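See below for the structure under consideration.
This one's a predicted model, so the numbers in the text were calculated from it and none came from an experiment.
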Amino acid sequence: MTEDSQRNFRSVYYEKVGFRGVEEKKSLEILLKDDCLDIEKLCTFSQRFPLPSMYRALVWKVLLGILPPHHESHAQVMMYRKEQYSDVLHALEVIRFISDATPQVEVYLYMHRLESGKLPRNPSFALEPEDEVFLAIAKAMEEMVEDSIDCYWLTRCFVNQLNNKYRDFLPQLPKAFEQYLNLEDSRLLRHLKTSSAVSKLPYDLWFKRCFAGCLPESSLQSSSLKLMNSALCIRRCASADSADPVLCL
């Protein structure tokens, strides 16, 4: 029996006994052992398989450029990230823009605005549509990442990537969504078209937020992950000519 056939046999066996994803986890661990992580392979893996929770934050930080591909630099770079986080947080405290009563996701938003040079003078400023998107994604990220520093950096870089690299593809996403849905569930697509519901779907809300905040908080975390992953896979289809890696949640 060849090595490939043995691997296929093990995969089928693991699935039958309820251990789906064992082979995928091993494959990811092999990728993460490299001294210099392969960004393209990690991106491809993230699009095809769900990331184990124990490796999720690391993979996301590498894909978003928060951490460099080289393992030996991770500790030092993350130390700089923590220092920057602390400095920005302290600045907001000094100018009394935040207090202990400020919700954590709003703290992230104010930090992001301060670093972007867009912090208003009054903490009671009216939220812009882009602020609503940031808060929705930050809330979703909080459900998946325990560390507040990781949560801020992941949210900040995730939102920046969406705004800077994929905003131009938003008009193409409804069509890409229909193509993707046709492959996954053609019967559902036919029903939506027959009932004239396709044109009434809240595409703008879905894709700008990557489905963050579109589900009730009581929904299972895995459901949120699958939906957000689908949103970014659709973005990847729409930007097929781009070589930039896409974060898959």
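When side chains are defined from C-beta on, V159 does not count as touching E130, because their heavy atoms never get closer than 4.5 Å. Residues V59 and F45 fail the side-chain proximity criterion, which asks for heavy atoms closer than 4.5 Å. Residues V62 and L58 are in side-chain contact: their nearest non-hydrogen atoms beyond the backbone lie under 4.5 Å apart. Using a 4.5 Å heavy-atom cutoff, the side chains of N163 and V133 are not in contact. Using a 4.5 Å heavy-atom cutoff, the side chains of R113 and D131 are in contact. Counting heavy atoms from C-beta outward, K61 and H74 have side chains that stay 4.5 Å or more apart. For the pair S27 and F49, the minimum side-chain heavy-atom distance is 4.5 Å or more. A 4.5 Å side-chain heavy-atom check between L37 and L32 finds at least one atom pair inside the cut-off.
L183 and L192 are members of different hydrophobic clusters when ILVMFWY side chains are connected at heavy-atom separations under 4.5 Å. Note: the hydrophobic cluster containing F177 also contains L189 (ILVMFWY, side chain heavy atoms under 4.5 Å, direct or indirect links).
Around the CG atom of D35, the shell of radius 6.0 Å holds no more than 12 heavy atoms that belong to other residues, nucleotides or ligands. Within a 6.0 Å sphere centred on CG of D168, other residues, nucleotides and ligands contribute 12 heavy atoms or fewer. Environment of CD in E83: crowded, with over 12 heavy atoms of neighbouring residues, nucleotides or ligands closer than 6.0 Å.
Ring-plane geometry between F207 and F211 is classed as perpendicular, the angle between the planes exceeding 60 degrees on a 0 to 90 degree scale with a lower cut at 30. Between F97 and Y110, the ring-plane angle classifies as perpendicular under the 30° and 60° cut-offs. Using cut-offs of 30° and 60° on the angle between ring planes, the pair Y108 and Y152 is tilted.
Looking at Q84 and Y80, their side chains never bring a donor and an acceptor atom within 3.5 Å of each other.
Between D150 atom CG and M144 atom CE the span is 13.0 Å, to the nearest 0.5 Å. Taken to the nearest 0.5 Å, the CG atom of L28 stands 7.5 Å off from the OG atom of S46. Put simply, CD1 on I98 and CZ on R96 are 13.0 Å apart, with the number rounded to the nearest 0.5 Å. The structure places CG of L51 at 8.0 Å from CG of L63, a figure rounded to the nearest 0.5 Å. Interatomic distance, E143 CD to M141 CE, rounded to the nearest 0.5 Å: 11.5 Å.
When all heavy atoms of R156 and F134 are compared, the pair lying nearest together is CA-CE1, 4.1 Å. Considering every non-hydrogen atom in both L135 and V105, the closest pair reads CD2-O, 3.5 Å.
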